Amino acid sequence: MRSMTVPASVPARVPVRTRFAPSPTGYMHIGGMRTALFVWLWARHNHGTFILRIDDTDQQRNVEAALAPIFRAFRWLGLNWDEGPEVGGAFGPYFQSQRTHLYTAAVEKLIVEGKAFRDYETPEQVAVDRAATEASKQTYLNVRRSLDLSAAQREELDAAGRPFVVRFLVPRDQKVAIDDAVRGHVEWDGALMPDPVIMRSNGSVLYNFATVVDDAHMQITHVIRAEEHLTNTAVQALLHQALGNTLPVFAHIPFITAPGSTKKLSKRDVEKLRNSPQLKKMFDRADEVFPQLGLGNSTTLNPVMVEYYERLGYLPAGILNGLSRLGWSLDDKTEILSLDTVIENFTLDRIVKAPAGYDTEKLQSYQQHWMNQLPLEQKVAGCVPFLQQAKLIPEEVDADVKAHVGRVIAAMADRLKVFSDVLDFKEFFVSDDAMTFDEKAFQQRIRGAEEAPGLLRLLRAELATVEPFDASTLDAFVHRFVETQGIKIGQIVHALRIATTGRAQGIGLFDALSILGRDHCLTRIDRALAACGT
RNA sequence: GCCCCCAUCAUCUAGAGGCCCAGGAUACAGGAUUCUCAGUCCUGAUACGCGGGUUCGAAUCCCGCUGGGGGUACCA
């Protein structure tokens with residue numbers, strides 16, 4: 001065997017060019033987003049170029065609609081692309097469906113040079129060959145019968161309209177090796193590789209081939225993609241060699257697995273894992289929030305989709321922090337990372353080799369951190385659209401409404417983890433009549449608690465005259481009340497909270513009272529007392 | 001079947017021969033604080049898959065095993 005090896009990956013050339021090539025599936029996968037982020041990061045770290053290329057060789061009808069969520073996700077997270085759809089660039093078009101002339105030319109070139117051949121084998125024959133090798137525990141290699149055809153025979157077949165595919169002729173006496181930036185040296189034996197089909201009988205080209213042509217044409221320096229493509233790389237490296245291209249640097253990053261699983265996170269998996277402890281929370285939240293926003297439920301938007309997070313009011317900073325830490329780390333301590341910090345420190349050699357489990361709990365904690373960093377005005381700005389969408393505040397937000405929202409959010413403090421959490425505090429946005437009492441809590445602490453209604457009535461009378469009606473005054477007032485009555489604070493505080501807000505837990509009680517204002521508090525207490533039948 | 005990849009706490013990870021009877025974070029448990037919840041602050045439990053080497057010394061290097069995963073398409 002000749003031990004000719006494809007030249008090892010070239011050292012990084014100065015102008016780094018990376019690409020992400022999604023297919024228009026109608027949603028942006030969170031795992032794909034993580035891959036895209038790494039690709040983007042490497043370009044930004046090197047002050048290079050990040051290219052978005054649309055892999056639409058499937059020829060779907062509605063590419064545009066299927067693409068919208070993908071662009072939306074990139075824009076939401078702030079991952080801009082330097083070349084690609086809508087922004088153009090010198091190496092376009094950026095839709096593979098519009099690049100067929102490049103592919104056919106490359107196929108022609110390979111055929112002419114004897115590096116690819118028309119294969120007239122019928123699918124049935126191929127299946128028979130395959131079954132035979134499998135039975136003998138051998139690696140399947142296609143039988144190159146079409147190579148023995150004479151020119152005359154070939155003409156005859158063509159005249160008869162016999163369909164053919166084009167196969168790349170794998171040099172079976174050669175080994176292929178790459179020096180993967182995250183995996184190191186990986187090697188395959190050409191003798192064990194079947195000749196891959198590069199062009200279908202209908203004339204369209206296959207992914208593996210289109211990628212090679214495009215990566216070369218677009219002068220991609222670093223092919224960063226998920227691990228599942230590692231095996232493809234053998235063929236692609238050979239193809240690059242045959243086409244006379246410089247081999248890009250490959251970096252195969254681990255894929256992310258479904259929470260509590262060792263398998264690749266896929267849309268279908270998630271449906272199956274709907275009841276896993278971690279994901280159940282995510283699904284339940286979707287079912288709780290999305291209907292209020294008129295966005296369907298967890299069937300329409302689930303946690304594998306980037307849009308799920310956007311629509312729930314996660315922060316790009318939180319998602320980006322979480323995604324960055326999935327298979328990459330800065331050092332042994334730093335967990336909280338801004339995008340700028342990641343850009344500055346992102347290197348391929350710090351990418352972990354093992355698959356990373358998608359940890360939504362940890363994502364949550366990053367999100368929490370970044371939400372807490374936000375100044376009040378930004379929290380308000382983030383929450384307002386959710387309140388509007390849920391029709392809890394008017395379309396026109398005047399200064400009063402804004403101030404009211406501000407007070408609620410300030411009082412919520414770190415109870416606000418994602419913007420849509422504000423919807424859990426409806427009691428501050430609905431009319432006194434529309435507010436609902438939590439039945440269980442009401443029963444336990446008001447109707448069923450002997451002293452409660454009486455105490456509430458007493459307190460209500462005094463509440464009518466407390467001045468000023470602000471949190472600290474109310475705080476002092478209630479404590480005084482407790483003392484005078486000779487009761488424990490717990491005997492009145494719970495009843496008061498439930499009477500005025502309808503719920504057993506929430507923001508600080510005195511904040512709640514002062515935000516609601518005296519009139520609403522009194523009306524609500526009256527409602528509660530009436531509901532006791534006293 | 002064949003080819004390839006991977007292997008540290010429940011999870012994300014640090015660790016590139018002595019700094020490690022393994023560090024951080026999340027989650028979990030207990031305690032403190034408070035009107036509830038959330039948070040915060042302490043405290044705690046939990047990991048180098050197994051077996052051989054190499055070495056004065058191995059989580060770190062080598063081999064084997066086991067386990068997990070990916071690819072094996074006229075899918076991407």
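Order of the sequence lines sets the chain letters (A, B, ...), proteins ahead of strands, with each chain counted from 1. The figures that follow rest on heavy atoms only: side chains count, while hydrogens, waters and symmetry mates do not. Source: prediction; values computed, not measured.
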Discussion item. Which is more 5' along RNA chain B, the nucleotide nearest A:D414 or the one nearest A:S365? Just name the residue.
Written reply: A:S365
Interatomic distance, [X] [atom1] vs [N] [atom2] [rounded to whole Å]:
X	N	atom1	atom2	answer
A:Y358	B:rU13	OH	C1'	17 Å
A:L513	B:rU36	CG	P	15 Å
A:D331	B:rG23	CG	P	16 Å
A:Q364	B:rA38	CD	P	14 Å
A:R183	B:rA7	CZ	C1'	12 Å
A:L326	B:rU26	CG	C1'	13 Å
A:N142	B:rC74	CG	C1'	13 Å
A:E228	B:rC6	CD	P	16 Å

Minimum-distance nucleotide (side-chain atoms of [X] versus [options]):
X	options	answer
A:V493	B:rC5, B:rC35, B:rC37	B:rC35
A:S201	B:rC6, B:rC74, B:rU26	B:rC74
A:R325	B:rU13, B:rC74, B:rC5	B:rU13
A:S329	B:rU13, B:rU26, B:rC74	B:rU13
A:R167	B:rC35, B:rU26, B:rC74	B:rC74
A:Q368	B:rC6, B:rU36, B:rG39	B:rG39
A:K417	B:rG39, B:rC74, B:rG24	B:rG39
A:V165	B:rU13, B:rG23, B:rC74	B:rC74
A:E335	B:rC35, B:rA25, B:rC74	B:rA25
A:V197	B:rU26, B:rA14, B:rC74	B:rC74

Any side-chain N or O of [X] under 4.0 Å from OP1/OP2 of [N]?
X	N	result
A:R497	B:rU34	no
A:T231	B:rC3	no
A:R130	B:rC2	no

Worksheet item: Heavy-atom distance under 4.5 Å between the side chains of A:I224 and A:I253, does that happen here?
Response: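 Touching, per the 4.5 Å side-chain cut-off.
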Discussion item. Could you tell me if the side chain of A:L110 sits less than 4.5 Å from the side chain of A:V166, heavy atoms only?
Written reply: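 With C-beta onward as the side chain, the pair stays apart.
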Any strand: nucleotide that pairs with [N] via Watson-Crick or wobble, under 3.5 Å:
N	result
B:rG44	B:rC28
B:rG51	B:rC63
B:rA58	none
B:rC9	none
B:rA38	none

Could you tabulate the donor-acceptor pairs under 3.5 Å formed by side-chain atoms of residues 485-497 of chain A, not counting sequence neighbours?
residue : atom : partner : partner atom : Å
A:Q491  : OE1  : A:K488  : N            : 2.8
A:R497  : NH1  : A:I507  : O            : 2.9
A:R497  : NH2  : A:I507  : O            : 3.2

[atom1] atom, [N] versus [M]: distance in rounded Å?
N	M	atom1	result
B:rA7	B:rG44	C1'	28 Å
B:rC6	B:rU55	C1'	27 Å
B:rC61	B:rU43	P	34 Å
B:rA16	B:rG1	P	38 Å
B:rC12	B:rG70	P	16 Å
B:rG17	B:rU54	C1'	11 Å

Fill in: A:R145 and its salt bridge (Lys or Arg N to Asp or Glu O under 4.0 Å) partner, picked from A:D119, A:D195, A:D129
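Exactly one pass, corresponding to A:D129.
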Regarding [X], tell me which of base, sugar-phosphate or nothing describes its non-hydrogen contacts under 4.0 Å with the strands shown.
X	result
A:N232	base
A:H252	nothing
A:L206	sugar-phosphate
A:G508	base
A:L230	sugar-phosphate
A:V352	sugar-phosphate
A:L363	nothing
A:G357	sugar-phosphate
A:R225	nothing

Quick one: does NZ or CZ of [X] land under 6.0 Å from the six-membered ring centre of [Y], within 45 degrees of the ring axis?
X	Y	value
A:R130	A:Y140	yes
A:R503	A:F425	yes
A:K267	A:Y27	yes
A:R162	A:Y120	no

Discussion item. Under 3.5 Å, is there any donor-acceptor pair linking the side chain of A:K362 to the base of B:rC12?
Written reply: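 Donor-acceptor pair under 3.5 Å: yes.
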Item to complete: Classify the angle between the aromatic ring planes of A:F481 and A:F477 as parallel (below 30°), tilted (30 to 60°) or perpendicular (above 60°).
Response: tilted
Discussion item. What verdict does the ring-ring contact (aromatic ring centres under 6.0 Å, His included) test give for A:F38 and A:F346, after you've listed the backbone C-alpha separation in whole Å, the side-chain angles of each residue and the deciding distance to 0.1 Å?
Written reply: CA-CA 8 Å; A:F38 279 28; A:F346 185 82; 5.2 Å; yes
Practice prompt. Quick one: do A:H229 and A:F255 satisfy ring-ring contact (aromatic ring centres under 6.0 Å, His included)? Show the steps, please.
Written response: CA-CA 10 Å; A:H229 290 283; A:F255 48 77; over 10 Å; no
So which protein N/O to nucleotides 62-69 of chain B N/O distances come out below 3.5 Å?
residue : atom : partner : partner atom : Å
B:rG68  : O3'  : A:T262  : OG1          : 3.3
B:rG69  : OP1  : A:K263  : NZ           : 3.4

